[in-house]
Amino acid sequence: MTVQGTLRGGTLCINLSGELDECSAAAARRKCDELIDSNVQAARIVINLEGVRFMDSTGIGFLIGRYKKASRLNIPVYIENPDFAADKILNISGIYSLIPKAE
């Protein structure tokens with residue numbers, strides 16, 4: 001799992017690529033938290049899932065954890081570019097009621 005972040009115009013863009021599962025979630029969590037902590041001035045966070053080839057229930061927990069962290073900082077979070085399988089998992093889980101898709 002690769003995690004890259006950039007701040008563009010007040011938006012912290014976090015790009016994930018690889019597999020988001022139990023083996024990779026801890027390292028991805030640490031990197032995302034570092035990005036959030038070093039960009040607390042961001043107006044919003046967009047988590048781009050375009051490069052995620054596989055995501056299981058650990059990925060849902062990962063996203064909810066980042067949502068909770070950002071919520072404590074009053075920063076809204078959005079999800080962008082999930083593939084068909086990830087989108088289906090996210091729909092079924094109801095996560096879009098917490099973290100909407102970016103428009």
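The structure places CD1 of Ile36 at 12.0 Å from NZ of Lys31, a figure rounded to the nearest 0.5 Å. From Leu49, atom CG reaches atom CG of Asn81 across 8.0 Å, with rounding to the nearest 0.5 Å. Atom CG of Leu12 sits about 6.0 Å away from atom CG of Leu7, to the nearest 0.5 Å. Atom CG of Leu73 and atom NZ of Lys68 lie 14.5 Å apart (nearest 0.5 Å). The CG atom of Leu35 sits 9.0 Å away from the CD1 atom of Ile45 when rounded to the nearest 0.5 Å. The CD1 atom of Ile47 sits 5.5 Å away from the CD1 atom of Ile14 when rounded to the nearest 0.5 Å.
Ile95 places a side-chain heavy atom less than 4.5 Å from the side chain of Ile64. Within the 4.5 Å cutoff, side-chain heavy atoms of Leu90 are placed close to those of Tyr96. Side-chain contact between Ile99 and Pro76 is absent, with no heavy atoms from C-beta onward closer than 4.5 Å.
With sequence neighbours excluded, no residue forms a side chain to side chain donor-acceptor pair (under 3.5 Å) with Arg72. Scanning for side chain to side chain donor-acceptor pair (under 3.5 Å) contacts around Arg66 gives Asp33, with sequence neighbours left out. The side chain to side chain contact (heavy atoms under 4.5 Å, CB included) test applied to Thr2 returns Gln4, Ser17, not counting sequence neighbours. Partners of Asn39 under the side chain to side chain donor-acceptor pair (under 3.5 Å) rule, at least two apart in sequence or in another chain, do not exist in this structure. Remark: Ala43 engages no residue in a side chain to side chain contact (heavy atoms under 4.5 Å, CB included) (not counting sequence neighbours).
Thr11 contributes no side-chain N or O that, together with a main-chain N or O of Cys13, makes up a donor-acceptor pair within less than 3.5 Å.
Through side-chain heavy atoms spaced under 4.5 Å, either directly or across other Ile, Leu, Val, Met, Phe, Trp or Tyr residues, Ile92 is tied to no other residue.
Note on Val46: it does not cluster hydrophobically with Val77, by side-chain heavy-atom contacts below 4.5 Å among ILVMFWY residues.
The heavy-atom pair separating Cys32 from Val3 by the smallest distance is SG-CG1, 3.7 Å.
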Tell me which donor-acceptor pairs under 3.5 Å the side chains of residues 52-63 have, and how far apart each pair is, sequence neighbours excluded?
residue	atom	partner	partner atom	Å
Asp56	OD1	Thr58	N	2.9
Asp56	OD1	Thr58	OG1	3.3

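Sorted by first and then second residue, the pairs that involve residues 36-50 and meet salt bridge (Lys or Arg N to Asp or Glu O under 4.0 Å), not counting sequence neighbours, are Asp37-Lys69. Contacts classified as salt bridge (Lys or Arg N to Asp or Glu O under 4.0 Å) and involving residues 73-100 (residues at least two apart or in different chains) are given here: Asp87-Lys101. Pairs passing the salt bridge (Lys or Arg N to Asp or Glu O under 4.0 Å) check and including a residue from residues 16-27, sequence neighbours excluded, do not occur.
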